[in-house]
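Presented below is the structure to which this report refers.
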Amino acid sequence: MKILIACEESQRVCKEFRRLGHESYSCDIEPCSGGHKEWHIQADVLPLLNGDCSFMTVDGINHRIDGKWDMIIAFPPCTYLTVTGNRWFNIERYGDKAIQRYKDRDLAIKFFMRFVNADCEKIAIENPVGVMSTEYRKPDCIIQPYEFGHTERKTTCLWLKGLPKLKPTEIVEPKIIKCASGTIESNWHMKTLHLESKERSKLRSKTFLGIAKAMAEQWGKKIQKRGKRNYA
């Protein structure tokens, strides 16, 4: 299959589909950190969504997709969509900053919906719990990293079209930390608190490997590969 992994700089999902022999490409305006420039499109993903497109990967090679993509998996930015940021929308308290945040949220919603409306038979869109449950519809399934072999909690929603719900592969006990405030947080969440905002957001957006592997194995069929290739 020809698969577009949108808004993914880590290449974790892209690489898992490549392991199974699929022609997958990650696309993000950021440089890839997954080590495979030959599979990364560093550009705006929107012109590519409906297929019938040409593009260049970071290694300088031109590619052509004739017809539709067989699958699109999208990880649109959640900064203005997640419920965890709702306190910043208080206009009485934050004034113009809150007004601007509403405008940014509107743009984020429209960006999310571009993936929903893409001309593709199989689509998966990932985001945390947020406004899209009301602005669009409730997700088809909600997953946790601890259902896929990781001892972390991160409630993750999936909106699906033409794809089955993702099934847990290895349920483990999550490791949690009780904060002085009484709230309970994931160990992974606490370890990123000291980072600069942009770097923290980047790390928290990376797909857990167990989930990436499950997506590839449950939504893609293994294809016999020719020759030996490096997928590290």
Side-chain angles (χ1 to χ4, degrees), residues 4-14 25-33 40-51 53 55 58 69 72-120 123-143 153-161 181 183 185-186 188-190 192-208 211:
L4 177 64
I5 316 296
C7 311
E8 186 192 48
E9 60 79 27
S10 71
Q11 297 192 296
R12 288 182 175 177
V13 177
C14 176
Y25 297 95
S26 58
C27 183
D28 200 286
I29 57 175
E30 297 287 336
C32 64
S33 62
H40 189 63
I41 310 162
Q42 190 175 337
D44 179 6
V45 71
L46 296 183
L48 308 179
L49 289 183
N50 294 328
C53 57
F55 55 86
V58 178
W69 293 94
I72 295 173
I73 302 176
F75 301 88
C78 65
T79 303
Y80 302 108
L81 301 177
T82 176
V83 294
T84 59
N86 279 352
R87 66 185 183 278
W88 302 111
F89 288 88
N90 187 326
I91 295 177
E92 290 185 3
R93 184 172 183 180
Y94 298 108
D96 289 343
K97 289 184 178 180
I99 293 173
Q100 181 59 51
R101 198 170 184 89
Y102 272 107
K103 293 179 181 178
D104 291 334
R105 170 175 278 185
D106 185 58
L107 291 175
I109 291 170
K110 290 177 179 177
F111 186 66
F112 184 104
M113 293 304 297
R114 290 292 296 272
F115 296 108
V116 172
N117 297 318
D119 189 10
C120 180
I123 300 173
I125 309 171
E126 182 266 5
N127 235 235
V129 175
V131 299
M132 295 314 299
S133 291
T134 52
E135 291 289 338
Y136 173 40
R137 62 173 175 78
K138 293 186 181 300
D140 295 283
C141 66
I142 298 176
I143 59 175
R153 295 194 319 167
K154 183 187 178 185
T155 305
T156 303
C157 302
L158 295 174
W159 287 263
L160 306 172
K161 172 187 174 183
S181 62
T183 60
E185 296 288 356
S186 170
W188 153 86
H189 178 90
M190 297 300 291
T192 60
L193 285 178
H194 70 284
L195 298 173
E196 186 270 335
S197 178
K198 185 176 181 180
E199 185 63 21
R200 180 171 64 247
S201 177
K202 185 176 179 179
L203 283 175
R204 288 182 179 180
S205 69
K206 293 182 185 294
T207 305
F208 284 86
I211 293 176

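- Rounded to the nearest 0.5 Å, atoms SG (Cys78) and CE (Met132) are 12.5 Å apart.
- Here the closest heavy-atom approach between residue Ala118 and residue Lys161 is recorded as O-NZ, 3.9 Å.
- Across Cys27 and Leu4, no two heavy atoms sit closer than the pair CB-CD1, 4.0 Å.
- Looking at Pro47 and Phe55, their side chains never come closer than 4.5 Å, going by heavy atoms from C-beta outward.
- The distance from atom CG of Leu158 to atom CD1 of Ile211, rounded to the nearest 0.5 Å, is 8.0 Å.
- Rounding to the nearest 0.5 Å places CD1 of Ile72 at 7.0 Å from CG of Asn50.
- Under the side chain to side chain donor-acceptor pair (under 3.5 Å) test applied with Ser26, the options Gln11, Glu9, Glu8 reduce to a single match, Gln11.
- In this structure, Thr155 and Ile142 have side chains that are in contact, with non-hydrogen atoms separated by less than 4.5 Å.
- A distance of 6.0 Å or more separates the ring centres of Phe115 and Trp159.
- Separating the SG atom in Cys53 from the CH2 atom in Trp69 is a distance of 5.5 Å, to the nearest 0.5 Å.
- The line from SG of Cys157 to CG of Leu81 is 11.0 Å long, rounded to the nearest 0.5 Å.
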Test Ser10 against Phe75 for side-chain contact (heavy atoms from CB on, under 4.5 Å), laying out the working first. CA-CA 11 Å; Ser10 71; Phe75 301 88; over 6 Å; no
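- Put simply, the side chain of Pro31 reaches to within 4.5 Å of the side chain of Gln42, judged on heavy atoms.
- Without hydrogens or angle criteria, Thr156 side chain to Lys154 main chain gives a donor-acceptor distance under 3.5 Å.
- Within the structure, side-chain hydrogen bond (donor to acceptor under 3.5 Å, both in side chains) contacts touching residues 127-138 (residues at least two apart or in different chains) are Arg137-Asp140.
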Asp28 and His40: CA distance, side-chain angles, deciding distance, side-chain contact (heavy atoms from CB on, under 4.5 Å) verdict: CA-CA 8 Å; Asp28 200 286; His40 189 63; 3.8 Å; yes
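- Ile29 CD1: 12 or fewer foreign heavy atoms inside a 6.0 Å radius.
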